[in-house]
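I have placed the structure first, in the form of structure tokens, so that the comments after it can refer back to it.
Counting starts at 1 for both ligands and their atoms, following the listed order. The basis for the numbers below is simple: all heavy atoms, side chains too, and nothing from hydrogens, waters or symmetry mates.
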Amino acid sequence: MEIIRTIDKMQTKSLGLLRSNKTIGLVPTMGFFHEGHLSLMKEAKKDSDIVVTSIFINPLQFGPNEDYEQYPRNEENDIKLAEQAGVDILFMPGVRDMYPRKMMIDMTINERVNVLCGRSRPGHFEGVLTVLSKLFNIILPDKTFFGMKDAQQIAVVNALIHDLNFPNELIALPTVREEDGLAKSSRNVNLSKIERNEAVWLYKALKHGQRLVVDGEKNPAIIEKEVKKIIENKTSGTVDYVELLSYPELQDVSTIDQQVILATAVFFESARLIDNLIFDTDGSLVKHIK
Ligand code: AMP
């Protein structure tokens with residue numbers, strides 16, 4: 001596996017690969033790898049000649065009171081795991097290389113961001129789309145692999161690729177979970193032992209919401225209320241949101257008559273966790289989204 005730390009070298013490499021007709025699969029990450037990240041790399045490997053994984057903790061997507069400094073880092077272990085997963089190139093640019101000065105160009109997102117994490121993290125998705133646009137132009141991927149755990153991110157990145165005509169296909173893959181159901185996340189290490197045990201209730205509560213739909217409930221407000229009640233009763237966390245919306249449009253719905261997302265975000269002492277389920281009108285889970 002080759003490690004590249006500068007934009008110039010990476011872009012030159014990608015242009016060379018493109019000219020020799022190699023397909024490039026990109027897995028963008030913030031590092032501190034777990035099975036969720038590795039599943040994306042392994043899938044990318046099946047589908048591309050060359051897999052590039054990027055590690056970049058993007059300051060632009062963190063708010064002033066968020067966990068940029070506390071975000072877990074372990075470069076040495078990430079290098080080992082990426083190599084084992086079959087990654088060909090690990091791209092780890094520095095902050096000053098990516099943002100040598102204040103950006104002169106800003107992203108504005110008009111839809112899909114006034115709800116869920118977009119509402120509680122103003123500027124977050126603008127930061128995400130900025131860094132991804134840069135990575136797409138540096139790495140020139142044919143396909144980019146994302147996890148459905150960040151379902152709003154997928155909805156917004158799809159809009160970016162469509163609106164700005166990036167010649168790049170988004171592949172969305174299922175959320176990888178711990179044995180008890182908790183979605184794997186780099187931030188899980190920042191949970192106390194008690195919080196870790198409580199955190200499984202995000203998933204269990206969402207599953208309960210989904211089961212209500214399977215049993216015939218169609219009213220989003222009732223489902224949101226029940227899911228919120230479970231998380232509040234079973235954890236010490238503070239619920240940021242529980243929302244049921246159309247997916248991928250992320251619009252309010254008055255009844256479940258189309259594909260929807262049931263999503264939550266919960267603040268624990270040192271970590272804000274998110275999770276979601278996407279399902280059809282009859283409550284059946286959607287495993288792969290387009
Ligand atoms: P991050 O490093 O948290 O920015 O995540 C990088 C990529 O890994 C994103 O596309 C995430 O959606 C994906 N990812 C994170 N956690 C999981 C998970 N538990 N299962 C599948 N994909 C994940």
Side-chain angles (χ1 to χ4, degrees), residues 25-45 47 51-63 66-68 70-75 77-79 81-82 85 87 90-93 98 116-118 121 124-125 127-132 134-136 139 141 143-158 160-161 168-191 196 199-200 202-203 206 247-248 261 263-265 271-278 285-289:
L26 168 63
V27 182
T29 80
M30 300 202 298
F32 209 75
F33 293 152
H34 51 67
E35 284 298 328
H37 298 114
L38 302 179
S39 73
L40 302 182
M41 296 174 207
K42 287 173 191 160
E43 198 57 36
K45 189 75 187 166
D47 230 17
V51 176
V52 180
T53 292
S54 61
I55 300 180
F56 182 64
I57 304 178
N58 175 32
L60 230 56
Q61 71 191 62
F62 287 80
E66 292 183 355
D67 58 349
Y68 178 70
Q70 291 86 48
Y71 198 85
R73 294 156 165 89
N74 189 341
E75 189 179 300
N77 199 46
D78 284 349
I79 292 172
L81 292 176
V87 169
L90 191 58
F91 177 49
M92 296 189 282
M98 289 290 273
L116 310 174
C117 294
R121 303 185 68 189
H124 169 69
F125 286 111
V128 169
L129 293 197
T130 300
V131 80
L132 284 173
K134 288 166 81 75
L135 291 172
F136 291 164
I139 298 166
K143 294 182 181 175
T144 306
F145 296 79
F146 291 91
M148 284 166 61
K149 179 171 156 275
D150 298 273
Q152 189 172 18
Q153 172 167 275
I154 288 172
V156 173
V157 175
N158 254 326
L160 173 80
I161 289 176
N168 174 8
E169 188 186 343
L170 187 162
I171 311 284
L173 296 172
T175 301
V176 177
R177 298 179 178 280
E178 302 286 355
E179 239 165 64
D180 63 359
L182 172 66
K184 297 220 180 207
S185 164
S186 306
R187 288 185 167 100
N188 290 349
V189 292
N190 289 340
L191 297 171
R196 165 63 189 87
V200 67
L202 274 72
Y203 176 64
L206 293 175
Y247 192 86
I261 182 169
T264 186
R272 177 180 173 279
L273 302 188
I274 59 170
D275 201 353
N276 72 79
L277 296 174
I278 295 172
L285 274 185
V286 173
K287 301 240 169 66
H288 289 277
I289 47 179

I need the nearest protein heavy-atom contact for atom 15 (C) of ligand 1: residue, atom name and distance, please.
H34 CE1, 3.9 Å
Taking the side chain as every heavy atom from C-beta outward, state whether R177 and K184 have any atom pair closer than 4.5 Å.
no
Could you list which atoms of ligand 1 come closer than 4.0 Å to a heavy atom of T29?
2 (O), 6 (C)
Over-ring placement of R73 relative to Y68, 6.0 Å and 45° cut-offs:
yes
Does Y71 have a non-hydrogen atom less than 4.0 Å from ligand 1?
yes
With heavy atoms and a 4.0 Å threshold, my read on which part of L173 contacts ligand 1 is neither
Of all protein heavy atoms, the one nearest atom 6 (C) of ligand 1 is P28 O, 3.4 Å
Identify the residue among L116, I261, T264 that makes a side-chain contact (heavy atoms from CB on, under 4.5 Å) with N276.
I261
Without placing hydrogens or testing angles, list every side-chain donor-acceptor pair under 3.5 Å for residues 148-156, not counting sequence neighbours.
unit_1, atom_1, unit_2, atom_2, d
Q152, OE1, C117, N, 3.0
Q152, OE1, G118, N, 3.3
Q152, NE2, R112, O, 2.8
Q152, NE2, V115, O, 3.0

What protein heavy atom sits nearest atom 11 (C) of ligand 1, and how far off is it?
D150 OD2, 3.1 Å
Contact region, S185 to ligand 1, non-hydrogen atoms below 4.0 Å, reads neither
Against heavy atoms of K184, which atoms of ligand 1 measure under 4.0 Å?
16 (N), 17 (C), 18 (C), 19 (N)
Note: K42-D47 ion pair, threshold 4.0 Å (strictly below):
no
Tell me which protein heavy atom sits closest to atom 22 (N) of ligand 1, plus the residue, atom name and distance to 0.1 Å.
G147 CA, 3.4 Å
Quick one: look up the protein heavy atom nearest atom 1 (P) of ligand 1 and list residue, atom name and how far away it is.
H37 NE2, 3.6 Å
Ligand 1 atoms nearer than 4.0 angstrom to some heavy atom of T175 are 19 (N), 20 (N), 21 (C)
Protein contact of atom 20 (N) of ligand 1 - nearest heavy atom, named by residue and atom, plus distance:
V176 N, 2.8 Å
For the CZ atom of F33 and the CD1 atom of I79, what is their distance to the nearest 0.5 Å?
9.5 Å
Could you tell me if T144 and N168 have a donor-acceptor pair between their side chains, going purely by distance under 3.5 Å?
yes
May I ask you to list the atoms of ligand 1 that are less than 4.0 angstrom from any heavy atom of L40?
7 (C), 8 (O), 10 (O), 13 (C)
For F146, counting its heavy atoms only, list the atoms of ligand 1 lying under 4.0 Å from any of them.
10 (O)
Distance from T29 atom OG1 to L40 atom CG, nearest 0.5 Å?
9.0 Å
Partner of L60 under side-chain contact (heavy atoms from CB on, under 4.5 Å), chosen from T130, L129, V131
T130
With E66, the side chain to side chain donor-acceptor pair (under 3.5 Å) member among H124, R121, R272:
R121
Check each of S186, G36, G31 against atom 23 (C) of ligand 1 and report the one with the nearest heavy atom.
G36
May I ask you to identify the nearest protein heavy atom to atom 4 (O) of ligand 1, giving residue, atom name and distance to one decimal place in Å?
M30 CG, 3.6 Å
